[in-house]
There are 2 protein chains.
Amino acid sequence: MLIQSQLEKLRSYYRKTGTLPTYAEMQEVLGYKSKSSGYYLVNKMVQYGFLRRKNHKILPGRNFTGLPYYQSVKAGFPSPAEEEANDRLSLDKFLVDKPNSTILIRVKGDSMTGAGIMEGDIVIVERTGGAGSGDIVVANLEGEFTVKTLIRKNGRLYLEPANANYPVLDLESFPSHSLVGVVKGVARKYGLQRA
Amino acid sequence: MLIQSQLEKLRSYYRKTGTLPTYAEMQEVLGYKSKSSGYYLVNKMVQYGFLRRKNHKILPGRNFTGLPYYQSVKAGFPSPAEEEANDRLSLDKFLVDKPNSTILIRVKGDSMTGAGIMEGDIVIVERTGGAGSGDIVVANLEGEFTVKTLIRKNGRLYLEPANANYPVLDLESFPSHSLVGVVKGVARKYGLQRA
DNA sequence: TAAAATAGTGAACATTTGTTCACTTTTCAA
DNA sequence: TTGAAAAGTGAACAAATGTTCACTATTTTA
């Protein structure tokens with residue numbers, strides 16, 4: 001059997017369960033009649049960098065997770081169908097540096113479209129102290145989240161939209177206000193109900 | 001020990017290795033002196049939905065992976081620091097529906113800024129046959145990737161930018177052209193070198 | 001402070017797992 | 001077509017794993 005199709009089956013199993021199969025389970029997943037077949041397959045996949053071993057356990061390797069990633073455009077680049085991308089990128093790992101202090105917030109409104117943040121987008125927000133002037137931040141104003149660019153001017157903090165139809169807000173003029181965090185990334189999905 | 005902090009340790013272990021620790025390994029990870037302590041902890045976490053069990057194996061549960069997700073803005077919503085989000089969202093799973101036929105491409109140029117796709121963004125591209133009029137697509141023109149809106153007019157296919165400074169392209173006028181796939185999502189990371 | 005509930009311990013044991021080996025079958029190249 | 005290389009088989013076994021139990025320590029609550 002082709003190694004690429006076996007790899008896809010392991011990836012699919014891992015996506016579904018969050019773990020790799022044991023050698024016994026590989027019989028079912030890959031159609032083997034023997035446990036040891038799985039064992040030898042894993043050896044091969046370790047060589048390719050798809051899997052790793054660590055004290056009797058099988059772990060995903062660097063080429064196992066993530067998606068094929070085309071970094072830049074080379075002149076005369078062949079169709080991606082023909083040639084495999086050599087790099088893989090995991091969106092989760094790419095977008096989130098500090099998973100312990102990161103939250104996701106769905107954006108309402110169009111006040112930041114000029115900065116490429118559209119209604120329904122999900123912003124990746126790091127809840128770490130220092131927000132600097134020019135950072136895109138999420139502020140909590142009167143219990144509502146709002147995404148704006150933070151501007152520090154004359155010692156005061158302002159929230160600046162990226163859409164001429166909206167006004168600049170004076171953060172401290174709100175009786176109840178706080179900075180939720182700094183926007184470190186944006187994720188958008190097309191073809192979704194935007195309710 | 002607080003369950004929340006134990007959970008973070010397991011999450012962190014899982015992020016690093018791609019697998020959950022065995023009960024023996026939990027002694028090291030969680031500071032237990034006994035294997036069975038880990039066993040009872042897992043029981044508790046199964047109740048909370050953080051973990052699952054399936055034939056002698058521990059699997060991540062629905063509340064284990066992903067990030068806290070604030071779906072919508074409720075009036076009088078408390079600070080996220082005070083109240084835990086009840087929902088978790090995995091960016092990978094959210095952004096990618098068909099992992100087997102999806103690739104990532106880094107965007108060059110600013111021809112789609114009007115649609116919220118900026119230079120350096122990563123587009124999530126599904127390499128499945130049918131692209132319809134109005135879809136944002138990636139086309140391969142003379143070996144270069146380009147992101148545009150596909151328009152079908154009078155039986156011909158055009159590539160329409162979302163930036164007035166760029167012209168509409170006639171797809172079939174290029175000697176070598178092909179549709180790479182349909183853009184199903186966008187991921188952007190701030191604070192990155194954009195070379 | 002005392003009682004009750006929760007969390008952690010350490011030994012024991014059956015199962016399952018990873019791993020090896022000699023062997024057979026299949027695939028591929030000469 | 002034949003021979004060599006690669007892939008898969010099935011039995012065997014040691015080591016690691018999950019699981020239970022009776023017990024102790026710690027934390028919580030009344």
Side-chain angles (χ1 to χ4, degrees), chain A residues 1-65 82-84 86 100, chain B residues 1-65 82-84 86 100:
Chain A
M1 196 190 260
L2 305 91
I3 190 173
Q4 203 61 30
S5 105
Q6 292 167 320
L7 186 56
E8 277 316 317
K9 283 175 186 167
L10 292 182
R11 283 194 178 122
S12 161
Y13 182 99
Y14 186 76
R15 247 180 263 121
K16 197 158 53 181
T17 66
T19 336
L20 288 163
T22 66
Y23 296 114
E25 289 168 329
M26 283 185 204
Q27 300 187 222
E28 210 179 339
V29 176
L30 300 169
Y32 283 135
K33 289 177 182 166
S34 167
K35 269 204 302 179
S36 51
S37 304
Y39 186 79
Y40 291 118
L41 178 72
V42 169
N43 280 344
K44 201 164 42 163
M45 296 219 168
V46 167
Q47 292 184 336
Y48 284 89
F50 295 130
L51 300 174
R52 289 181 297 145
R53 275 193 219 272
K54 200 187 170 193
N55 10 292
H56 310 270
K57 276 169 58 178
I58 314 167
L59 312 185
R62 44 193 143 46
N63 303 328
F64 189 78
T65 45
E82 301 170 27
E83 189 168 341
E84 263 303 288
N86 32 11
N100 292 325
Chain B
M1 194 188 257
L2 304 91
I3 191 173
Q4 203 61 28
S5 105
Q6 293 168 318
L7 186 56
E8 277 316 317
K9 283 175 185 166
L10 292 182
R11 283 193 178 123
S12 161
Y13 183 99
Y14 186 76
R15 248 180 263 122
K16 197 158 52 183
T17 66
T19 336
L20 288 163
T22 66
Y23 296 114
E25 288 168 330
M26 283 185 202
Q27 300 188 220
E28 208 179 342
V29 175
L30 299 169
Y32 283 134
K33 290 176 182 166
S34 167
K35 268 203 304 178
S36 50
S37 304
Y39 187 79
Y40 291 120
L41 179 71
V42 170
N43 280 344
K44 202 164 42 165
M45 296 217 167
V46 168
Q47 292 184 336
Y48 283 88
F50 295 129
L51 300 174
R52 289 181 296 145
R53 276 193 218 274
K54 199 187 171 193
N55 11 291
H56 310 269
K57 277 170 55 179
I58 314 168
L59 312 185
R62 45 193 142 46
N63 303 328
F64 189 78
T65 46
E82 302 169 27
E83 190 168 341
E84 263 303 290
N86 32 12
N100 291 325

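Lettering of chains follows the sequences in order, A, B, ..., and the numbering in each one begins at 1. Since the structure is predicted, the reported quantities are computational estimates derived from the model, not experimental observations.
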Separation of [Y] [atom2] from [X] [atom1] (nearest 0.5 Å):
{"X": "A/Tyr39", "Y": "A/Ile58", "atom1": "OH", "atom2": "CD1", "result": "9.5 Å"}
{"X": "A/Asn100", "Y": "B/Lys9", "atom1": "CG", "atom2": "NZ", "result": "11.5 Å"}
{"X": "A/Ser36", "Y": "A/Leu41", "atom1": "OG", "atom2": "CG", "result": "11.5 Å"}
{"X": "B/Leu30", "Y": "B/Tyr23", "atom1": "CG", "atom2": "OH", "result": "12.0 Å"}
{"X": "B/Arg11", "Y": "B/Leu7", "atom1": "CZ", "atom2": "CG", "result": "4.0 Å"}
{"X": "B/Gln6", "Y": "B/Tyr32", "atom1": "CD", "atom2": "OH", "result": "4.0 Å"}

For the side chain of [X], counting heavy atoms from C-beta on, which of [options] is nearest?
{"X": "B/Ser34", "options": "C/dT16, C/dG8, C/dG10", "result": "C/dG10"}
{"X": "A/Ser36", "options": "D/dA12, D/dG10, C/dG8", "result": "D/dG10"}
{"X": "A/Ala24", "options": "C/dT9, C/dT17, C/dT20", "result": "C/dT17"}
{"X": "A/Gln6", "options": "C/dG18, D/dG18, D/dG8", "result": "D/dG8"}

Regarding [N], can its base be found pairing with the side chain of [X] as donor and acceptor, where the two atoms are less than 3.5 Å apart?
{"X": "B/Lys57", "N": "D/dG18", "value": "no"}
{"X": "B/Lys35", "N": "D/dG18", "value": "yes"}
{"X": "B/Thr22", "N": "D/dG18", "value": "no"}

Starting at atom [atom1] of [X], determine the distance to atom [atom2] of [N], rounded to an integer number of angstrom.
{"X": "B/Ile58", "N": "D/dT17", "atom1": "CD1", "atom2": "C1'", "value": "10 Å"}
{"X": "A/Lys33", "N": "D/dA11", "atom1": "NZ", "atom2": "C1'", "value": "16 Å"}
{"X": "B/Met45", "N": "C/dT6", "atom1": "CE", "atom2": "C1'", "value": "15 Å"}
{"X": "B/Gln27", "N": "D/dG18", "atom1": "CD", "atom2": "C1'", "value": "13 Å"}
{"X": "B/Lys54", "N": "C/dT15", "atom1": "NZ", "atom2": "P", "value": "21 Å"}
{"X": "B/Met26", "N": "C/dA7", "atom1": "CE", "atom2": "P", "value": "16 Å"}
{"X": "B/Leu41", "N": "C/dT9", "atom1": "CG", "atom2": "P", "value": "12 Å"}
{"X": "A/Glu28", "N": "C/dT17", "atom1": "CD", "atom2": "C1'", "value": "17 Å"}

Is the phosphate of [N], meaning OP1 or OP2, less than 4.0 Å from a side-chain N or O of [X]?
{"X": "A/Tyr32", "N": "D/dT9", "answer": "no"}
{"X": "A/Tyr39", "N": "C/dT19", "answer": "yes"}
{"X": "A/Arg53", "N": "C/dG18", "answer": "no"}
{"X": "B/Ser37", "N": "C/dT9", "answer": "yes"}
{"X": "A/His56", "N": "C/dT19", "answer": "yes"}

### Message
On DNA chain C, compare the nucleotides closest to B/Asn55 and B/Lys44; which residue's is nearer the 5' end?
### Response
B/Lys44
### Query
What is the ring orientation for B/Tyr14 with B/Phe64, classed by angle as parallel under 30°, tilted 30 to 60°, or perpendicular over 60°?
perpendicular
### Message
Under 4.0 Å, heavy atoms only, any strand: does A/Tyr40 hit a base, just the sugar-phosphate, or nothing?
### Response
base
### Query
In residues 9-18 of chain A, which residues come under 4.0 Å of DNA chain C by heavy atom?
none
### Task
To the nearest 10°, let me know how far the axis at one end of the helix from C/dT1-D/dA30 to C/dA30-D/dT1 is tilted from the axis at the other, five pairs an end.
50°
### Task
Would you name the heavy atoms of A/Val29 and A/Pro21 that are closest together and state the gap between them?
CG2-CB, 4.5 Å
### Message
Checking side-chain polar atoms at under 3.5 Å, does A/Glu28 have a donor or acceptor matched by the opposite partner on A/Tyr13?
### Response
no
### Residue pair B/Met45 / B/Leu10, side-chain heavy-atom distance below 4.5 Å
yes
### Message
If the condition is salt bridge (charged side-chain N to carboxylate O under 4.0 Å, His left out), which residues does A/Lys57 pass it with, not counting sequence neighbours?
### Response
B/Glu25
